[in-house]
Amino acid sequence: MAIGIKAVPFAVVAQVLGVAGIIMVLIWNISFRGGLAWESANKSLIFNIHPVLMLLGLIVIGGEAIITYKTLPLRKELKKLIHLVLHAIALILGIIGIYTAFKFHNESNIVNLYSLHSWLGIGIIVLYGIQWIYGFLVFFYPGGSSEIRQGSLPWHVVFGLFVYILAVGNASLGYLEKLTFLENSGLEKYGAEAFLVNFTALVTILFGTFVVLTVFSKPVAEDEYSYSAIN
């Protein structure tokens, strides 16, 4: 199903929202939370890497990987390669982002995997990895038969969107969880930081929404849906 609107306007709005979201999450974690650090006596600086990488990786770069098929006026094989590489970058950043959360917990003597956000996060990164590996093997190299590719494509698209929507929802849940912890520790509920976090979550949701709208819109050029392996 496609809507009768071209993909480019949706994609442009998504680009603006993506940049805004990255800027906002950096301002939050650098200006309000004290900065980013891989090693520090202040363990909170280690955790600050987590929301930055998760937004940059799974949400923004992952969203860009989805958008490429509708908005780039390139050959199918080249779009496929860009799609694959962007998703790989998103997956790697997501894995590192999750690792920093575990690192923060372990070095702060906090138990792991006690919240819905963390459970969903592990599930999402596993599903994202399975989706990438399957896409690589079937659509890229060595490549499945024409029947397998044609039969797999609708499920690949649906499953990919499902995982991406889960990631956007879980990111919003993460903002809520962190902000709740901060407010319970004395952060002013109507202060600048609280508003920044909430607006960052809203921008994240809007970015994900425009990514999905791009998928269901008219492509820049007529797509060929008979995928073939790149040799």
Side-chain angles (χ1 to χ4, degrees), residues 7 11 14 18 22 49-72 74-103 112-113 115-174 204 207-208 210-212 214-216 219 223-231:
I22 292 170
I49 299 174
H50 174 73
V52 173
L53 290 187
M54 300 313 290
L55 179 65
L56 176 62
L58 290 190
I59 306 303
V60 175
I61 296 180
E64 294 292 340
I66 295 172
I67 288 173
T68 54
Y69 261 111
K70 290 288 185 176
T71 58
L72 294 181
L74 303 173
R75 291 183 299 108
K76 180 180 62 179
E77 289 77 10
L78 183 54
K79 289 196 292 186
K80 188 189 302 184
L81 179 61
I82 294 171
H83 180 77
L84 182 78
V85 170
L86 288 177
H87 272 312
I89 295 171
L91 179 60
I92 291 169
L93 292 178
I95 291 171
I96 297 172
I98 289 177
Y99 173 78
T100 59
F102 277 92
K103 179 179 171 65
N112 292 302
L113 299 175
S115 67
L116 177 61
H117 173 67
S118 60
W119 295 357
L120 286 173
I122 295 298
I124 289 165
I125 204 71
V126 169
L127 293 176
Y128 204 108
I130 291 172
Q131 171 82 341
W132 190 89
I133 292 170
Y134 185 82
F136 181 89
L137 295 176
V138 172
F139 299 114
F140 191 77
Y141 183 84
S145 66
S146 176
E147 291 78 12
I148 291 176
R149 294 195 306 272
Q150 290 179 0
S152 296
L153 180 57
W155 294 105
H156 180 71
V157 173
V158 170
F159 186 73
L161 279 178
F162 169 71
V163 174
Y164 184 72
I165 291 169
L166 271 182
V168 172
N170 199 42
S172 303
L173 189 60
T204 300
F207 175 81
F210 277 91
V211 168
V212 174
T214 302
V215 172
F216 291 103
D223 283 7
E224 298 178 14
Y225 292 101
S226 55
Y227 280 40
S228 59
I230 293 179
N231 299 316

Who passes side chain to side chain contact (heavy atoms under 4.5 Å, CB included) against [X], sequence neighbours left out?
X    : value
L120 : L116, I124, N170, L173
S118 : L113, S115
Y99  : W38, K103

If you round to the nearest 0.5 Å, how far is [atom2] of [Y] from [atom1] of [X]?
X    : Y    : atom1 : atom2 : value
F139 : H156 : CZ    : NE2   : 5.5 Å
I66  : L161 : CD1   : CG    : 5.5 Å
T68  : L81  : OG1   : CG    : 10.0 Å
I125 : I98  : CD1   : CD1   : 4.5 Å
L86  : I67  : CG    : CD1   : 10.5 Å
I122 : W119 : CD1   : CH2   : 12.5 Å

Evaluate whether atom CZ of F102 has more than 12 neighbouring non-hydrogen atoms of other residues, nucleotides or ligands under 6.0 angstrom away. yes
When you measure from the side chain of [X] to the backbone N and O of [Y], does any donor-acceptor pair fall under 3.5 Å?
X    : Y    : value
H50  : G97  : yes
K79  : Y69  : yes
W132 : L91  : no
Q131 : F159 : no

Over all heavy atoms of both residues, which pair between T214 and A11 is shortest? Give the atoms and the distance, please.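 What the structure gives for the nearest pair is OG1-N, 3.6 Å.
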With sequence neighbours excluded, what pairs up with H87 under the side chain to side chain donor-acceptor pair (under 3.5 Å) test?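 With neighbours one apart ignored, the set is Y128.
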Counterpart residues, side chain to side chain donor-acceptor pair (under 3.5 Å), relative to Y164 (two or more places apart):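 With neighbours one apart ignored, the set is empty.
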Do any side-chain atoms of residues 52-61 form donor-acceptor pairs under 3.5 angstrom with protein atoms, and if so which ones, sequence neighbours left out?
none

